[in-house]
Number of protein chains: 2
Amino acid sequence: MSTILDVCKLAGVSKATVSRVINGIGQVKQSTRENVFSAMKELGYRPNRLAQALATNKTHTIGLVVSDFDGIHFGLLLKQAAASAEFAKKQLIVTDGHNDPDYEYEVILQLEAQCDAVVLYSRTLTDEHIQRLHEQLTIPIVVLNRNMPEQCFHSVSFEQEAAVTILMDHLFEKGHQEIACITGHMDNPTGKARLNGYKNSLQAASIDFKNDLVKHGVYDMKSGYQACKELLNEGITFTAIVAFNDCMALGALKALTETGINVPEQVSITGIDNDPVSEFFTPRLTTVGLPITAMTKQAIELAITLCDETKPTHSYQYKGQLIERESVSSVYTAKN
Amino acid sequence: MSTILDVCKLAGVSKATVSRVINGIGQVKQSTRENVFSAMKELGYRPNRLAQALATNKTHTIGLVVSDFDGIHFGLLLKQAAASAEFAKKQLIVTDGHNDPDYEYEVILQLEAQCDAVVLYSRTLTDEHIQRLHEQLTIPIVVLNRNMPEQCFHSVSFEQEAAVTILMDHLFEKGHQEIACITGHMDNPTGKARLNGYKNSLQAASIDFKNDLVKHGVYDMKSGYQACKELLNEGITFTAIVAFNDCMALGALKALTETGINVPEQVSITGIDNDPVSEFFTPRLTTVGLPITAMTKQAIELAITLCDETKPTHSYQYKGQLIERESVSSVYTAKN
DNA sequence: ATCACCAATGTAACCGGTTACTTTTTTTTG
DNA sequence: CAAAAAAAAGTAACCGGTTACATTGGTGAT
């Protein structure tokens, strides 16, 4: 790999001049500029980003940290992040935290010198972790898809509790009263908020909360399948399932189908996310859309803005919307 | 962010000594070492990776470039890549090429200064692109999941043609003769190889190739759905579908189900990949497993090896294996 | 006490760029 | 045509580390 010195020699000028040509700033005679360009071309020269970053203290890079690469949103999330970053001519570095908070914490600290800002989509870090990071890091953080209790972060979040409320209300409207719940991880704010949505909806409808109707999953199809099997094995009656994401809802769908239970005739199912695959199952899944693409766009763009200017912290809140398909039926027609 | 100079001042030693302590090389008196450590701790110091990389010409980073973030393998691919990299204490930088060969090419060149080796999982780059990259780059490349015509690259690939052959043989065994084919992108070696598999299998079985039975998709569910709709609309008879990946097979399944055609009673469907979701559809999809996790592990480990030593180029070839589930039935029992 | 040797530490150049400041060259102006 | 102003180019310090080499100080052998 050729360096700026090779270009200097070939073009017969100093480093400063080459640098001026590269960056298009300062005064350079047209003929000199052309010489330098042709020298660069001849050598296949491209500036070393590391050296540039070190000299300017600007990396033109956004770090994106996710707790785990196999989350369901990651297709859309990464795609949009990459698109937004490219649009602003920033490099995007994506790293995962292996679902291990300590490792993830370490990864983010490591990223500090390599990025101008970080977007954090974390499931495993606690609020305290994030708080500590915020104090420790000299680069701005944008927290994505997580409701932070205090307003001291830049964040782009989703109204988790409302998402469940929307589903519950929809099911109530259809006459459902015995509604099972398949949660996600309960060790983080998202899971807790969604469960609150479930509980509060029941309370608002004056229906007793029954612990037996709640099973815990981990957001993948398999755990949804297993949770549903448990419900069935325990002989609990329910006419509908609220799963905390589409994957688990589809896993539950499989469990019911396998057992010979018709969805939605006998049991209705709902999810959250509007995962692209949900449309391809039969029946197509009724769900609450999580606008991950829009949220990601917002977060990356915010991070990019923060590279160049400081802004007062602001939280963007997104709301879910009910997407009605065929996995829910009225309980009145279902009784048979 | 504190620098090595801050540590020097606080510990009362020179940069060289601090550097020795950081890297654990050279002679340092125990008491000095302790002083330096406590100074580092007090300051929350962590070495700047960029500066280290610039000074040593070693980044301890592996670059992973994918054509597009929303490919179906990326969950497993990224997860394994991250795991293998962490295991070797290397940083992993993941970048996508937005499905644009020129952009992807540029991205890879940019990565040169930031990585010790690159793993390339590209759908859009041509063989010539890769050849040129190979000549131009000073860091080693490992090509993942792509059969390179010549042996001049490190590569980890999959026997694409054989994967289709396996499926065709399976269908022949079950008595199928009229087998439709839903391809992926035909502008790259993978698609071409798989189509060859289809054609050659037909020829080996003395069945005429019919162009009408072949529809082109783009590896996602929607295109599988549409391809299947076309087949149906054109009124072509077929008893089985070979799709070039699971997603499209599942899209086709949806199209058939919707039309009231029973799978596998009336039409059998097969895919390629063994995508985790395939097990959750009804019927569960019969497919050829693509061992993406093992392949990724191999590729990353190879790349890591190549950071430190040059090795003669070697191609690792992986074979698919038939995973029989319920989406294929015998044509004899199917006739009704 | 002298010398050799080795452990411990420091000095300074270097990695590949950027940039404030200085010097040289060219152009403008009276 | 000389002086002033503007343009063009160069010099050298700096970013935050590493490392070859030089220097210092202490130890044991003679």
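In what follows, chains are A, B, ... by sequence order, proteins preceding strands, each numbered from 1. Please read all numbers here as calculations on a predicted model, not as lab measurements.
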Item to check | Protein-nucleotide distance (A/Leu54, atom CG; D/dA13, atom C1'), rounded to Å | outcome: 14 Å
Next on the checklist: Measuring from the side chain of B/Ile25 (C-beta onward, heavy atoms only), which nucleotide among D/dT19, D/dT18, D/dA8 has the closest atom?
Outcome noted: D/dT19
Checklist entry - At under 4.0 Å between heavy atoms, what does B/Val13 touch on the DNA or RNA strands: base, sugar-phosphate, or nothing? => result sugar-phosphate
Item to check | Of the listed nucleotides C/dA7, C/dT18, C/dG16, the one nearest the side chain of A/Thr3 | outcome: C/dG16
Item to check | CG on A/Leu125 to OH on A/Tyr105, rounded to 0.5 Å | outcome: 9.0 Å
Next on the checklist: Using heavy-atom distances to pick each residue's nearest nucleotide on DNA chain C, tell me which of B/Ser31 and A/Ser2 is more 5'.
Outcome noted: B/Ser31
Checklist entry - Any donor-acceptor pair under 3.5 Å between the side chain of A/Arg20 and the base of D/dG10? => result yes
Item to check | Protein-nucleotide distance (B/Lys15, atom NZ; D/dG16, atom C1'), rounded to Å | outcome: 6 Å
Checklist outcome for this item: Tightest non-hydrogen contact, residues A/Asn145 and A/Thr190, listed as O-OG1, 4.2 Å
Checklist entry - Which one, D/dG16, C/dT18, C/dT11, comes nearest to the side chain of B/Ala16? => result C/dT11
Checklist entry - A/Thr56 near the nucleic acid: base, sugar-phosphate alone, or nothing, with a heavy-atom cut-off under 4.0 Å? => result sugar-phosphate
Next on the checklist: Rounded to whole Å, how long is the line connecting atom CD1 of B/Ile4 with atom P of D/dC15?
Outcome noted: 13 Å
Checklist entry - Rounded to the Å, how far apart are A/Leu50 CG and C/dC15 P? => result 15 Å
Checklist outcome for this item: From NE2 of A/His60 across to P of C/dG17 the rounded distance in Å is 14 Å
Checklist entry - Starting at NZ of A/Lys58 and ending at C1' of D/dC14, how long is that distance when rounded to a whole Å? => result 19 Å
Checklist entry - Would you call A/Arg123 and A/Glu104 a salt bridge, using N to O less than 4.0 angstrom? => result no
Next on the checklist: With a 4.0 Å cutoff (strictly under), does any side-chain N or O of A/Thr17 reach OP1 or OP2 of D/dG10?
Outcome noted: yes
Next on the checklist: Rounded to whole Å, please give me the gap between CD in A/Gln27 and C1' in C/dT23.
Outcome noted: 16 Å
Next on the checklist: Go nucleotide by nucleotide along DNA chain C from the 5' end; which of B/Asn57 and B/Gly26 gets its closest nucleotide reached first?
Outcome noted: B/Gly26
Checklist entry - Side chains of B/Asn99 and B/Ser67: do they bring a donor and an acceptor to under 3.5 Å? => result no
Checklist outcome for this item: Of C/dA8, C/dG17, D/dT19, the nucleotide closest to the side chain of B/Lys29 is C/dA8
Next on the checklist: C/dC15, OP1 or OP2 - any side-chain N/O from A/Asn48 closer than 4.0 Å?
Outcome noted: no
Next on the checklist: Is there a side-chain contact between A/Gln52 and the phosphate of C/dG16, meaning an N or O under 4.0 Å from OP1 or OP2?
Outcome noted: no
Next on the checklist: Can you confirm whether B/Asp187 is buried at CG, in the sense that more than 12 heavy atoms of other residues, nucleotides or ligands lie under 6.0 Å from that atom?
Outcome noted: yes
Checklist entry - When the distance from CD1 of A/Ile22 to C1' of C/dG17 is rounded to whole Å, what number comes out? => result 8 Å
Checklist entry - Does B/Thr32 make a side-chain N or O approach to OP1 or OP2 of C/dA8 shorter than 4.0 Å? => result no
Checklist entry - Does B/Arg146 count as lying over the ring of B/Phe153, i.e. NZ or CZ under 6.0 Å from the six-ring centre, within 45 degrees of the axis? => result no
